[in-house]
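Data first, discussion second: the structure below is written as structure tokens.
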Amino acid sequence: MAEKTNQAYPLAPANGYTRSDAESLQSADELKRKKRTKLAIYIGIFIVFQILVITALSLTVMKVKTPKVRLGNINVQNFNSAPATPSFDATFTTQIKVKNTNFGPYKYDAAIVTFLYQGATVGQVSIPKSKAGMLSTKKIDVEVSLSSSALSGTNLGSELNSGVLTLNSAAKLTGKVELMLIMKKKKSSTMDCTMAFDLSSKTLKSLKCK
């Protein structure tokens, strides 16, 4: 009778766990591994994304470009020339344009724009201290007066007889580009423009700036 009773109730496994319990533990461990793997993947993606963002910012927003200073349209008000003397004097209005292509303002100091004939000064105009805003162009209206009274030893007479007078303008702006309200970078801008005047019509014939 005792043998029948023992056969009706088989002994439990020696380790104390049934097969279903072992499978449950294995599934839990596998789930944890999958979660850790996913977390590692997400962290890796985030790091790569941050690197791409920083690289893009350094190549665009945080890259400091040199602002450009140029002459705008020239409207001649008066132009007198005398080939026999030889001499000339002129007045005209124009704009000094400071183009800033940075993602921050360009603050520059006061400067002088010099007008020259064959390297000799024939006129000057001042640029006040100011700033060109982010991705914008600062326009400064000026009136320029030119005179050849200080010239000597040039071929001005032959050029006035040709009917076309060529002049140059030069300037240098020094200032700082401010980015993200924390970074400041010194930048100097230079002007190098060549203009030709038609003496018969007393108008500007051409204007080229580098």
| request: Fit a plane to each ring of Phe92 and Phe115, take the angle between them on a 0 to 90° scale, and name the class: parallel (under 30°), tilted (30 to 60°) or perpendicular (over 60°). | output: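 If you compare the ring of Phe92 with that of Phe115, the planes turn out perpendicular.
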
| Between Phe88 and Phe79, what is the ring plane arrangement, given parallel below 30°, perpendicular above 60°, and tilted in between? |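 Because their plane-to-plane angle is under 30°, the rings of Phe88 and Phe79 count as parallel.
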
If you compare all heavy atoms of [X] against all heavy atoms of [Y], which two are closest, and at what distance to 0.1 Å?
| X | Y | answer |
| --- | --- | --- |
| Ala132 | Lys138 | CB-CB, 3.9 Å |
| Ala196 | Leu204 | O-CD1, 3.5 Å |
| Ser81 | Leu199 | OG-CD1, 4.1 Å |
| Ser189 | Lys68 | OG-N, 4.3 Å |
| Ser169 | Val113 | CB-CG1, 4.4 Å |
| Ile140 | Pro128 | CG2-CD, 4.3 Å |

| field | Check: Asp198 side chain, Ser200 main-chain N or O, donor-acceptor pair, under 3.5 Å | value |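 Pair found, side chain donor or acceptor close to backbone of Ser200.
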
| Hey, is the main chain of Lys210 close enough, under 3.5 Å, to the side chain of Arg70 for a donor-acceptor pair? |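 Side chain of Arg70 to backbone of Lys210: a pair is present.
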
When you look at [atom1] of [X], are more than 12 heavy atoms from neighbouring residues, nucleotides or ligands closer to it than 6.0 Å?
| X | atom1 | result |
| --- | --- | --- |
| Asn78 | CG | yes |
| Lys176 | NZ | no |
| Lys187 | NZ | yes |

Do [X] and [Y] come within less than 4.5 Å of each other through their side chains, counting heavy atoms only?
| X | Y | result |
| --- | --- | --- |
| Thr91 | Leu146 | no |
| Val122 | Leu116 | no |
| Ile112 | Val125 | no |
| Thr166 | Phe197 | no |
| Val98 | Tyr108 | yes |
| Ile127 | Leu173 | yes |
| Met191 | Leu71 | yes |
| Lys107 | Glu178 | yes |

| task | Starting from the C-alpha separation in whole Å, work towards a yes-or-no answer on side chain to side chain contact (heavy atoms under 4.5 Å, CB included) for Ile47 and Ile45. | result | CA-CA 5 Å; Ile47 292 173; Ile45 293 173; over 6 Å; no

Can you get from [X] to [Y] by hopping between Ile, Leu, Val, Met, Phe, Trp and Tyr side chains that sit under 4.5 Å apart?
| X | Y | result |
| --- | --- | --- |
| Leu39 | Ile41 | no |
| Val144 | Val76 | yes |
| Val164 | Leu207 | no |

| request: Begin with the C-alpha distance, continue with both residues' side-chain angles, and end with the deciding distance and a verdict on side-chain hydrogen bond (donor to acceptor under 3.5 Å, both in side chains) for Asn155 and Gln118. | output: CA-CA 9 Å; Asn155 61 344; Gln118 295 185 355; 2.5 Å; yes

| query | How far apart are the C-alpha atoms of Gln77 and Thr93, what are their side-chain angles, what is the distance that settles it, and do they pass the side chain to side chain contact (heavy atoms under 4.5 Å, CB included) test? | reply | CA-CA 7 Å; Gln77 297 176 321; Thr93 59; 3.5 Å; yes

| request: Decide yes or no on side chain to side chain contact (heavy atoms under 4.5 Å, CB included) for Ile96 and Val69, but give the supporting numbers first. | output: CA-CA 7 Å; Ile96 310 297; Val69 55; 3.8 Å; yes

| said: Show, in sequence, the C-alpha distance, side-chain angles and deciding distance for Leu151 and Leu156, and conclude whether the side chain to side chain contact (heavy atoms under 4.5 Å, CB included) test is met. | reply: CA-CA 9 Å; Leu151 296 179; Leu156 178 60; 4.0 Å; yes

| Regarding Asp89 and Ser147, is there a side-chain donor-to-acceptor distance under 3.5 Å anywhere? |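 Per modelled atom types, Asp89 and Ser147 side chains form no pair under 3.5 Å.
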
| task | State which residue, out of Thr101, Val177, Asn100, fulfils the side-chain contact (heavy atoms from CB on, under 4.5 Å) condition with Lys65. | result |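 One option only clears the test, and that one is Thr101.
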
